[in-house]
K.L.:
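I am attaching a structure below and will ask some questions about it afterwards.
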Protein chains: 2
Amino acid sequence: MTFSSKGYAAWLPSDRWQDEQRIEAWRPLLEQIDARMELRAAGPGAAALQELANGIEILTGTPPSLTLKAGSPPVIVLGSPQAAQRSLEELKALPLAEEAYALRIGAASENENQDGEQAAYAILRGGSERGLLYGAFALLRLIDSDPRGPRDLDLAESPRNPLRMIDQWDNMDGSVERGYSGGSIFYRDNRILLESPRIDDYARLLASVGINAISVNNVNVHREETKLITSALLPDVRRLSDTFGRYGIQLFLSVNYAAPIELGELDTADPLNTDVQHWWQRKVAEIYAAVPDFGGFVVKADSENRPGPFTYGRDHADGANLLADALAPHGGLVMWRCFVYDCHQDWRDRSTDRARAAYDHFRDLDGRFRDNVVLQIKNGPMDFQVREPVSPLFGAMPRTNQVMEFQIAQEYTGQQRDICFLVPQWKKSLDFDTLLNGAGCTVKQIAAGKVHPFTRSGVAAVSNIGNDDNWTGHHLAQANLFGFGRLAWNPELESDAIAEEWSALTFGADTPVARFVAKLLLESWPVYESYTAPLGVGWMVQPHYHYAVDVDGYEYSKWGTYHFADRDGLGVDRTLATGTGYTGQYADENRDRYDSLEECPDELLLFFHHVPYTHVLKSGKTVIQHIYDSRFEGADAVDRWIARWRELEADVDPERFAHILHRLEGQSENAKQWRDAVNTYFYRKSGIPDERERTVYA
Amino acid sequence: MTFSSKGYAAWLPSDRWQDEQRIEAWRPLLEQIDARMELRAAGPGAAALQELANGIEILTGTPPSLTLKAGSPPVIVLGSPQAAQRSLEELKALPLAEEAYALRIGAASENENQDGEQAAYAILRGGSERGLLYGAFALLRLIDSDPRGPRDLDLAESPRNPLRMIDQWDNMDGSVERGYSGGSIFYRDNRILLESPRIDDYARLLASVGINAISVNNVNVHREETKLITSALLPDVRRLSDTFGRYGIQLFLSVNYAAPIELGELDTADPLNTDVQHWWQRKVAEIYAAVPDFGGFVVKADSENRPGPFTYGRDHADGANLLADALAPHGGLVMWRCFVYDCHQDWRDRSTDRARAAYDHFRDLDGRFRDNVVLQIKNGPMDFQVREPVSPLFGAMPRTNQVMEFQIAQEYTGQQRDICFLVPQWKKSLDFDTLLNGAGCTVKQIAAGKVHPFTRSGVAAVSNIGNDDNWTGHHLAQANLFGFGRLAWNPELESDAIAEEWSALTFGADTPVARFVAKLLLESWPVYESYTAPLGVGWMVQPHYHYAVDVDGYEYSKWGTYHFADRDGLGVDRTLATGTGYTGQYADENRDRYDSLEECPDELLLFFHHVPYTHVLKSGKTVIQHIYDSRFEGADAVDRWIARWRELEADVDPERFAHILHRLEGQSENAKQWRDAVNTYFYRKSGIPDERERTVYA
């Protein structure tokens, strides 16, 4: 079975610890499990118990003994029940939110039994079965990432973001749009792969980092996928929903706005037409009859040639509310994507600015959306580039639920061939202070629903998995899926903590490989940025493929994606005074900072300004010299990684050693191609040589 | 049946003439057919008779009466047998080559019968049944393209090129590589579509313009196509061979050089290995047992990642001779493609020149190839660009059979969305004087086998048809398939004669539409060139797609396809003195002309020289001004075509009017995108404004 290959288990327990002392140290805590909860075979509580028992057996080689009794709230006690007794009563009395868990470990020597043996215990209590499941995975992480043995701990956690969602861009033909890890684990030949054990294991992976919602088909809903909401396929959707439901994950479907037409039942999809309204009401009732735990719809409408309310002269509020009204009686949500822009733009027209589009389309609709509509807003105003400012729409609609959308799939960030650990990039967005209600209105506070009175909010992200043995193509790309979940749960976690935790779980706690991998991950986004498009300008990639360098690839296109490089300079003037006025979409203080050539951060300079090659950055370098220097530095960094990785050959299994080496060598080649193509491009245009006289090809 | 749509019949008779006088004028000649030949139902003679009878019935509305007797040589007499008697004896005595035909028409008033009625006749004699078939189609063309009625004629024709071949790039999954007219007519779902009536009709179309060989699968032979030479599929190949054989067309297959390995029978494909030699001998014997009229193999080896003899340290002569030796006992040929170059070139290395590759790989192998090997050499040294010099390899191997390969499929010339009538481009190649044996060694003479003692030679071309109703996507792209056949038959035909003949057959003889279409076709290659890549430099297209403009799309690629534009100038220095030395592959006089900045033709200037934007062309314009002027002129020309086409609405059926208008509008948009992207690109680089102050976007 290929699934036994290294990497399939990802960050979940996969191998018995090599260190017998470590096993001995943990044994008192891990040899006995005593669970008290209501018994539901298909519930997250049972999953929690199973994950703990299996995980412990894998890590220690010994299955724990298990007792299970009815009880509420759901509690799991590991180790000595006697020693745990007092803490157990305290924890049961603790007020906990539904998704929260409390975890107390008593490991110190005061916990001795009558025979003077150490009487360690751990108590896990959930605010619900789901909370218990999150706690179980947290406990497994703790056990597997710290080699030192049990230590006292008293912890209560609940997720900051109510919605923590994953969007699959899987198509029923088995392909994955922007997928870099093989085909779909969900579909093949236009049917749902119910027999796939991978779907179960994917649910486990997602739940282990706290994901609580998933949309299982591509937002570009083509003909076959439109049929997912028909009676022929709903029984299969139900089985998917049950699979994810067992892990506390609610199932959503992306729907085709023109479904009433495409399914041949109406000749309009006008949201104000009563036939259309009734059609969706009946359709949603049918869905909920078949799939009682259904979460709702994800909708990409009037975007990149998808149908939508614009066809009928209606706006996005009309469009979203149509579906929201149908879903409301059943408690369902509409995730309405704000990725709406003119994808037939004319590059000759410098006044139109795609960056403005989401705000211009949606901002004035604030207050018009139903309470069960959630606007899904990409983190930046363009499209998941290596570097973008935060979307000014996020937080700018106080009366409208919002989630921020990230892309775990590395479409523009190396496609899981090059390493690019995106947690620091996401944190940059989450930490951004919008200043919309004064200081402290950070994206993470808005997403958590702490700034505006959102009824539903949080974060969503496009998945990066496929049916490759290791899920993500590149082994190290697993860190992004892990990191998204951890950050969605708690955006205050630091990037290095996440990188270290993932590396320890994946390559062994406190190993040289884990230490190096964590360091490499933390360097990887700056490195990827340094050899690709400079200073926030973006888009210097081959059209459609989005991996290889093509500096002018999107320059004369209809996609609204330009750098305007000429023989004198480059960048996009988005200022209020002389540019597209995009900066005016931010709060005044942010606007002024971006507008100012002096105050605009270097990293976003070319996103906001058109400057000469000789413009001097805050770093003291000219733009052209920065371009040269950073391209060389980026490519050199990859070669340093390779050298270090080769030194670690004896410390890692041959399969992952070879795989990662091979990918790193590909990344090195890619980095050099970027370096030289970008440098030559700008040298040919500017005529300015590299001060340091390195090789810039003519 | 969609095949009844306009365009399916292409240039063959499709509609009854509207002009009753025309029908009356032809009636004496067309009401009676008297044929004398050996009777073979599946032979070209029977096809000739059937085509004539059907064609006459379609055009006049009346089926001719038919008599058929055994006789040799094969002869068909139309009209009055009495009047034809003397001529018939003369023609029967005429010495004719196998593929030749003689045609005599007696229409003048001296041919009166006893009643004073006009006793017109036409006599068609073939050098063989195939010659007769070519003559039958020639007679139909004559009848249908001249509205004035029968006139005296005495004609004997034989084809100049022994091999007149079509290469299908069809894959068994039903796709067509570089196909712009729908899917394959030959394959679907990895099987041969024997039931397709289109295959028969395609054979008719090809025979009607004198094609005598076809290779029915893509030169990139993938897994499924490798199986075409296995016992499971050979019966189906036989049926294809019979279909084409009835129209005098010999069937070839593209084969995978690694077939012995891929079919799981050997672990090597080394041409000097005796197991491999025996394998191919047995395989070829098996093929001929199943397909007695089989023509031979087409091979793309060691090219663009295809396997070949290089894998085993052998050269192309070793590789080709392996197959040639296996085919020789059965009279089969190896068409060995010379499209061999390094497709992992490094753009940073300016000394390597892809244009040199075919000559460098093959030239020194002259004399080493078997007599039944034919080298298939692309017309230019790069790859079917809008403008290239002639491949210097053609004619440079006096002891090796060669065919020149053209591409009817408009891969780089508008993809059958934009109009580009390629006959003038092909004539430019065919008329090129290589000067290899002194003056007069034109490509067409070499291809015809008149210069070197070739045993087999001629021309081949990549087909442009698919399963679109009208075969070629764009109605007007049919003219290229027609034109290739006509030119392969007789390279002395003028472009305007071919354009006019095709237009008359397709849109009616002597109609305003036919006149305009002929004019448009003749303008179309210069127009396409004038808005795309300037002065022979090529390759300014989107990678992989090859349609839309992307000036730098191939500039930093591994494909060996560069223009080297910087802020001062552009072009590729291929001179002997300062460049790659490619010019040294030509005969001295041609080399000197290309080497000289003064004498090099403007149209190829940037293919051979890197010049400043301010370099003055023979036209008196600077290079940059030429770029601006020609881009504007090209786009304007398309708009003039549209204006004229709109005026012709009443003169053409609505289906073709709308289709062509729609495509022209698309071409106009494409032309403007090219115009503006190229102009802006060079304005941004050079900083030199348009002298005439037209709009060049900044």
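Side chains included, hydrogens not; waters and symmetry mates left out as well; all remaining heavy atoms used. Protein chains get the first letters and strands the later ones, always in sequence-line order, with residue 1 at the start of each.
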K.L.:
Side chain, backbone, both or neither: which part of A/F564 has an atom under 4.5 Å from a heavy atom of chain B?
P.N.:
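Contact with chain B involves both backbone and side-chain atoms of A/F564.
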
K.L.:
Determine the minimum heavy-atom distance between B/D552 and A/D550, stating which atoms define it.
P.N.:
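In terms of heavy atoms, the two residues are closest at O-OD1, 4.0 Å.
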
K.L.:
How about NE2 on A/H662, more than 12 heavy atoms from neighbouring residues, nucleotides or ligands closer than 6.0 Å, or not?
P.N.:
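For A/H662, atom NE2 is not crowded (no more than 12 foreign heavy atoms under 6.0 Å).
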
K.L.:
Is it true that atom CZ of B/R188 has more than 12 heavy atoms of other residues, nucleotides or ligands lying nearer than 6.0 Å?
P.N.:
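Atom CZ in B/R188 is not packed in, count stays at 12 or less.
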
K.L.:
Indicate the atoms forming the closest heavy-atom contact of A/W347 with B/T680, along with that distance.
P.N.:
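Smallest interatomic distance, heavy atoms only, reads CH2-OG1, 3.4 Å.
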
K.L.:
Can you establish whether the number of heavy atoms outside A/R350 located under 6.0 Å from its atom CZ is more than 12?
P.N.:
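Check passes, neighbour count above 12.
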
K.L.:
In terms of ring plane angle, is the pair A/Y556 and B/Y681 parallel, tilted or perpendicular, where the classes change at 30° and 60°?
P.N.:
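The rings of A/Y556 and B/Y681 sit tilted, inter-plane angle from 30° to 60°.
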
K.L.:
CZ of A/R223: more than 12 outside heavy atoms within 6.0 angstrom?
P.N.:
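No, the 6.0 Å shell around CZ holds no more than 12 heavy atoms from other groups.
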
K.L.:
Other residues, nucleotides and ligands only: do more than 12 of their heavy atoms fall within 6.0 Å of CD on A/E304?
P.N.:
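Yes - once you tally the heavy atoms of other residues, nucleotides and ligands closer than 6.0 Å, there are more than 12.
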
K.L.:
Quick check on the interface: out of A/K685, A/R348, A/K558, A/Q673, who has the most heavy-atom pairs with chain B under 4.5 Å?
P.N.:
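Of the candidates given, the most pairs with chain B belong to A/R348.
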
K.L.:
Highest number of heavy-atom pairs under 4.5 Å with chain B: which of A/D676, A/T695, A/D346, A/D566?
P.N.:
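Most heavy-atom pairs within the cutoff with chain B belong to A/D676.
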
K.L.:
Which atoms of B/A565 are under 4.5 Å from chain A, going by heavy atoms: the side chain, the backbone, both sets, or neither?
P.N.:
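For B/A565, the contact with chain A is made by the backbone alone.
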
